[in-house]
Structure formats: C-alpha cells, structure tokens
Amino acid sequence: MSDEKTADEKTADEKTADQTTEATDTPAPAPAGDGSGLYLVDGSGFIFRAFHALPMLNRPDGTPVNAVLGFSNMLLKLLADLKASAVAVVFDSKRLNFRNDFYPDYKAHRPEPPEELKPQFALIREATEAFCLPCLELEGYEADDLIATYARLAVEAGREVTIVSSDKDMMQLVRPGVRMLDPLKNKPIGPDEVFEKFGVAPDKVVDVQALAGDSVDNVPGVPGIGVKTAAQLITEYGDLESLLARAGEIKQPARRQKLIDYAEQARISRRLVLLDDHAPPPKPLEELRVREPDHQKLIDFLKAQGFRTIVGRVEAEMRKDGTIADGAGASPAPAPTTATPTPAPAGEARSRPAPPTDVEKRYELVQDLGALAAWVERARATGILAVDTETDSLTPATATLVGISLATEPGLACYIPLAHKAAGAAAAGELSFDTAEAPPQIPVADVMAALKDVLEDPSVLKIGHNFKFDHQLFARHGVRVAPVDDSMLISYVLEGGAHGHGMDELAELHLAYRPISYAEVCGTGKAKITFDRVPLDKALAYAAEDADITLRLWRVLKPRLVDDRMVTVYETLERPLVPVIADMESCGIRVDRAALARLSQDLAIRLAEIETEVHKLANRSFNIGSPKQLGEILFDELKLGTGKKGKTGAYSTDSSVLEELAEQGHTIAQRVLDWRQLAKLKSTYTDALQAQIVEGTERVHTAFAMAVTNTGRLSSTDPNLQNIPVRTEEGRKIRRAFVAAPGHKLISVDYSQIELRLVAEMANIAALKQAFQDGIDIHAATASQVFGVPLDQMTSEIRRKAKAINFGIIYGISGFGLGRQLGIMPGEANAFIKAYFERFHELKVWMEATKAFARQHGHVVTLFGRRCYIPGIHEKNAARRAFAERQATNAPIQGTAADIMKRAMARVPAALKDAGFDDVRMLLQVHDELLFEVPEAKAEAAAKLVREVMEGAATLGVPLVAEAGIGDNWDEAH
DNA sequence: TAAATCACG
DNA sequence: GACGTACGTGATTTAT
C-alpha cells in the first residue's frame, strides 16, 4: 500500500481510471509483426494539442519548439514500440476545403494560431522528413479525410490500422481493424472510449455530432441539443434520418419543434462531420511500408533543435542496433555513488524542466548506511529533497512504514526498503513464509537516525505529494519534517476546481508522462498484495519514480505560484496546515464502542418492527431498501397517486415524495420514512463506525482531504466525520458516542452565521452589515427589512421565510428552489426574491459582477485571493450554464469562509502553546466548527482562547463571532 | 460501476 | 421562450 492512495489521490486515481479502460505501459498491442500494420499520425491535430499541453520551450535561437519536441518524442516512442509497422504522418493542406463549398462558415470562427505555434508547423514537417516518414497531404482535404481514406484502403487490403490522434472527429472511424491511440496520454481509444464520449457506438457518432453540433468547428447542429440528448435520441430512433422522419413523435414540445425546424441544418451538420474516405490518395497505399531510419539525418535535425537528451537516446538506440561503435560499453546507467550531483540535463529546458521522458532514470536501491549517507550529502548539496513513503495501510496512524524514497534532482532517486518481507510469497502461495527470507534492509531506527538531521534541517526543503500522509509517519518515528512544500497543494492552489490533483493525473498533465500505476505493482482485487510483499526491483521502480515525479512536478508548478500571484494563498492557507492536519489525523477521536453496539442492537429491533408493519400495510413482503420495489408497491399496487418518474423511468421515492404521501394520511409512507432514517443511522454510523475504531486506543482516525473541493473546504473520509448526525434526536445519540478521554472534556467552537456575514461583507450590503454590527437576530432583521414587519411584531413564520431566503442567497437563489424549500408557489417565492434584491440592491450588483468576472477569467476569487475555477461558465446549455453561475456566486462565499477557518487553524496550535496549553488537542474540523480535547481543568480557559483566535482570524467590516461549548461528548459540547 | 438516497455544513 | 433548478461534500445501498 502506498501513501499516495489517500483520499485526495484516490479520487484522482479513480477519475483517471474511469477514463482509461486499460492501463497499458506500451501503447496498445501492436498488430501482427509482419510489417502490415499501419499507423496514421494526425500531424495537424497533434501539433495544436502538444502546443497547449506541453510547457513552453525555446531553441537557443529563441524559436519556440515545445510542440516539435513533443512530436519528436511521440514518434520516437512509437517507432521504438512498433518496429514492424509502417508509420505515416498526415497534415491538413489549407484552411479551406470542400466543406466550405456547401457551408461557408465551416471552421469560420477558428482564431489564428498563436505566434509561438506558427514557426513550428514547418519544423514538424521537417521532423517528419528527418524521421524518414512519408508526409501525406492533399489540397482541399483535411487530414481527417486522408486518414479516413487510408484507413479504408488499408482495411480493404487486410491491414490493421491505428490512428494516432485524440480528435473526437475521428472516432467515427473506429471499427474492427481500426482503432485510435491518444498520443499524449499514450492511451488506446476503442469502441468503449468512443461510447464513453458520445454515448453511442462509433458508427453512430456522426449522427450524434450532427445533432449536437460543435462550436469549435462551427458545426451548427440543432440548437438546444447536446451530446447527451443526441445520444439518447439516436439510441431510441436508430439514426439521424429515422429520427428526423419521426420527429413528430417526440414528447417534449420544444425539442420536437427544434428537430422539425432544424432538420435541414442537422443534415448539413452531418455532411460536415462525416469524413470523406474516398479522397484521391496522394501516395499509393503500397508505399506506406516500414522504412529504414537514417539515424544521422535524424540526429542532425534533433541537434539543430537543441534536443540534447533525446539525441542521447537515439545514439543509445544506435549502439544497441550496432549502427555505431560503442566505446564505453552501453550498460544501463548505474546509480551514481558519488556525492557530486550530476548536472541536470538542461539542454532543451530553459524556463521549464523538460518532460521526464527526456531524462534518464537513475534509481538506486539503498540497503546500507554508506549508500544512504551519500543521499543525505546530495540533499545538503542541492538544498532540495523530494520524499515519499510506502506503507501497508491507508491509515497512517496505524500503518507500518515499509520504505522511503528520496529524489534530489530529476531522474535521480532512491528507494530505502525498511519492512519488506519475502517477495510475492503471500500472493503466489508457492513459497512458504517460513522458508523464504526477507531481503537485507537497514533497521528503521538507523535510517531515521541518519535522516533526522536533514529532514529537520531548515536549510533543506523537503518536497512531498500529499505530504500530510508522510508527515504523520515520520512524526511517529520521532521526526518532525520541516520545512515542507507539497506539489499536490501547489496544484490545488493554482488550479482548484479545474481538475484533480493526484500525482498520476498531474504527471500526465504537466509532464506528459504516465507513471507506473499502483495496481501494476500490487495488483487488484483478490490478487492484491500489500507493499511489503512487492519484490524489491518493482518496489524500487515504483517508489523511486514517485519521489522523482514529485520533484519534477514541483519544478514545474512552484514557479507558477509566483506567475499567478498565488504565493500568499499557498503559504498562508495551505502549507501551514500540513503539520496541523497531520496531527489531527494522528490523534483521532475517542469513540465509545459499547454505546454504538447498543445503538446498533436497538436499531435492528426497531427496524424489524417497522419492516413487519410496512409489509402488512403493503399486503406483501418486499425489500424496503429497494427504491424500485418500493415505487412499484406505492404507485402500481397501492395506487397512492400517480408517482413521478425520473430519467431512468423509475419512480422517485425520495423523502420529499414520501413526506407528501404521509401528509395525505398514508401511514405506509411515514413508516418507510422512519425506516429509512433508522436504516441510514445503523448502516452508515453505528455499524460502519465500530469497524473503524482502533483497538486499544479506542479512537477513530479520519483523513481530511486537502485538495478535493472546488471551494477550498476540507473534506473528510474513511470515515467521514463531517456528517455525523445532529439534526434529529435519534441521530444525536450517535454523536454522544464521540467522547472525551478520561479526565478530559471536548470543546466545540463554531462560527456563527459566517457565510451570511461574508455575503454582507463581500457584496458590501450596508443594511445587512449594520444588522450584524448591532448584533441583532439576523433572520429577524432581514425579515423586518424585506417584508416591512417591525421587529417587535415578528412572527416565527415570517422569520422562517427570511431564513430560507438568506440560505437561498448563499446558494444562488431561484424562485423554483426557494418555492420548493418553503412549500409555496414559485411565483410567490420570486416576489420574495425581488423584494430582497430591492431592499439589498448591492447584492444584485455583486452577483452580476461576480458572474461577469467568472465569464471573463474562468474562475472566481475569494477575499483572500484563492481561485475557484468554474469550468461550466461558458456552457451552451442554459441549464448547465445557470448551474455554473450559481457555483460562481456561491464559491467566493463558501471559499472565503473556508479561508478564514484555515487561517484560524494555522494559528491555533501556536496560540495554545504560547498559553501553556500543550496538552490541548485539535481533533476535528467541520467547516465552521473546530473540536478539541482538553484536560478538564483547562477547558474553560482553552475555549476562551480558541474563540479569540477564531474571531480574530480575519478583520472585516462585519464582526466575526464564534461560540464555544464544553461537554463530555460531542453532542453536549456542540 | 452508476444511480438513488441521505447524513453534514 | 425553454431549460431544469438552490451551494459544497462522502457513504451505503440496490440495481445493472
């Protein structure tokens, strides 16, 4: 098991896994090695994508060459992997092609290529020549058409075709004998990936595109229909023509009319996206055969571009082939043993490090103290040390440290095994544990003793990826690592909300590199082994690479903090929390196991009782937990109303539906609601939680994800301790199982109304700010101002409405949503909103300005400068765009509240220490609440101190107020 | 693996 | 004028 599988990264890994059906190191299985395979490289497509994906990079003479380097690397890898296949590179010829004859606007809105890209077009053609590969281009045709044509010809000739491109417009060509390969991600694209993208099989892709259109290519499609709707329609009607012919049958009136009105436009769109596979081939297919490379020509070209490292690779390749003499002996580069760091291969890297594919890997297995000392020397010399730990569990509080990897410069890394056992024995089952010997390893204590000085040395920066995890392991071995940088947090600060921040995802994004996956090393499912069973050679390759990648990511990302003015956000809101949250996780919170067990039993009995009653009311037995069965019982058999069906055609049975039925007097609905509540409490809380209690300490250790949310909040997993019940009495029984250790108390301190205060502050709403300054009941105050009711005549009903509106404002209000919340007509709710905006006119101004900012920049900003990316802000689909706009207005509010809480958390430990409260432990953060465990005698004083720190965490035009509670359990303290 | 549901702020 | 509606999370369950 590895540290990078913590919550933050797990999410990212899973995202990546979702997009990748198979993780292959080599790109897709090569076709038969008879030389009949054909690779068609989309040269025009590649250059644009590589240009934007790869860091900028200049030749010594200043010519930009990042896309050329990417292209050369891609071809080298392709040729190395696929010796027995023919490769041809296809280019667009001119801007205009036959499509413009019948649709002049085709690709009309496409902007001029950037200046840095223009000179690279010619260079890419030169590169193709240098590789001795045929260039295919034809006036009046796009590269796509030529690829379609050659793909057809090749398949007819019985050859296997691989299209090297990620362009979705080419996905229509996928079929038996033809597949695609994403050159940057090195990921195969087959029918499954096409389906994932378009929701239909490849042969229906053009029909979907005809309906959905494409803003980039200016293909009109049918307005109001996106890929998802299009896929659904095509699946239902078979193809575009059948759909258009039967358009009258469509139920949704608007959609029906659109399809009728825009039928012709859809047909034109289909012709635009349909590739012409009968273009006149500029070269006969037979000429596309495997060719002998001219190494000297290639080397000359690469040298001219300043690509020193890949020149080295080509030369190494030639030595292997015996093409040139090899004086020094071409053994794989041994790990360096000198303390002098080899200079980084800086050839093509001027402002940014080169992609790691260009850097030789020199990884060393460290099994004696002498070798380890050399690495400590190296770290002192460079002042930089990337660190990564491997463990046998996801919970750092209980995990065994299995190994440590270090990197001091790109490509130079080592792995120090600490607790490896006989390799593979457990999984293979062939060797017995007793006979197989563990490999030689330095004792953990010796390694820690050797590393402690450098890890705590203020002049050596330690770099990790999700270092919070590693920090805990070192702390458990008596080492407080500092100072620290975290590449995951840097990425989060730079591009939070734009993508995940797991190491694998970032390596692909910034380094165009796919690291060895954890699954490759440890397997999955039943064959999964813990990291201590991984053979040392594989462990070295994986673990050293992790430290190496971490260092490389840091070199790419860290300078961008300055460029993007995010240094302060990173240094005040994120980096200081690494040790703070690490200590919270390590400490954990005490849970009363017996109390949970009693609750479980109690719930089981009551659930059984309700189940019997519900079955009786339904006249038969069924699974209450199955929404499907429940819907059928309620609406088909008992006919309690007509029932609402969702997208999947199933009846909705959520609590709002059941509550409505219960109000109509249907006992069964109320009983099901009761059952649901208790079943939730039992399965999620009383049962699951017991299993997470660490035996002996009786404490539970959650993991706080620092780089997951779009707004800067933390999240909590394994278990989630940020959603422990509180709103119902039944739920609070669970909260009472969270207790203080003997002789201790729990303190809960929470911000009062922080988000609404921030609305007043950020939108600068005079009347609302005044109300907060006066310290009056804010919901009553807004009710008074919006509805014109004097405060002394306020009713709870009017106040309730104002409270709901206040919440709605924070969420990005809509009449529909507010109406549903309050159980009133949307029209009436709209009138409330209108009144609110009239009374607090500054709010409307702020919301519009915030949305405009999001449209202009693609992100919004919190009061403390944190960026929240809003990817959907330019959505064509109105509903999705409206969603993005609500995100845009909510994120600065929620995000600023998160910032303020982080500022408080960063200050609390020092404040406690200064006051002599060394034994007060911060346990949990629940967005606007902090929970502490403290010796009984100090509870009052500590609570006061924490309140002061939290209230002083920001100085605003409205006061920040924090309230504290003390108790023996969490419910009492809250 | 996805969808439905529901716990929290 | 239609669209689909509160914002942010994570865990469990059933169904596919």
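Keep in mind that the numbers below use all heavy atoms, side chains included, and drop hydrogens, waters and symmetry copies. To find a chain, count down the sequence lines: A is the first, B the second, and so on, and within it residues start at 1.
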Are A:Trp970 and A:Glu929 close enough, and set up right, to give a side-chain hydrogen bond (donor to acceptor under 3.5 Å, both in side chains), and what steps lead you there? CA-CA 12 Å; A:Trp970 194 1; A:Glu929 172 190 7; 2.9 Å; yes
Which nucleotide in the list [options] gets nearest to the side chain of [X]?
X	options	result
A:Ala879	B:dA7, C:dT9, C:dG4	C:dG4
A:Phe883	C:dT14, C:dG8, B:dG9	C:dG8
A:Thr709	C:dT14, B:dA7, C:dG8	C:dG8
A:Ser715	C:dT9, B:dA4, C:dA11	C:dT9

Base paired to C:dA2 (Watson-Crick or G-U; both N/O distances under 3.5 angstrom):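 With both distances under 3.5 Å required, C:dA2 matches none.
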Quick check on [N]: is either OP1 or OP2 less than 4.0 Å from any side-chain nitrogen or oxygen of [X]?
X	N	value
A:Gln629	C:dA15	yes
A:Arg886	C:dC7	yes
A:Arg881	C:dC3	no
A:Gln887	C:dG8	yes
A:Asn710	C:dT9	yes
A:Arg713	B:dG9	no

Answer with yes or no whether A:Arg880 presents, from its side chain, a donor or acceptor under 3.5 Å of a partner atom in the base of C:dG4.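 Flag unset: no donor-acceptor pair detected.
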For a quick check, tell me whether the side chain of A:Ser814 and the base of C:dT5 share a donor-acceptor pair closer than 3.5 Å.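 Indeed, a donor on one side and an acceptor on the other fall under 3.5 Å apart.
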Pick base, sugar-phosphate or nothing for A:Asn723, based on heavy-atom distances below 4.0 Å to the nucleic acid.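 Here A:Asn723 touches the bases of the nucleic acid.
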Test ring-ring contact (aromatic ring centres under 6.0 Å, His included) applied to A:His927 and A:Tyr751, step by step: CA-CA 9 Å; A:His927 311 308; A:Tyr751 281 116; over 10 Å; no
Check: A:Tyr492 side chain, A:Thr709 main-chain N or O, donor-acceptor pair, under 3.5 Å: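 Such a contact is found between A:Tyr492 side chain and A:Thr709 backbone.
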A:Tyr262, OH atom: more than 12 neighbouring heavy atoms under 6.0 Å: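 Count not over threshold, so no.
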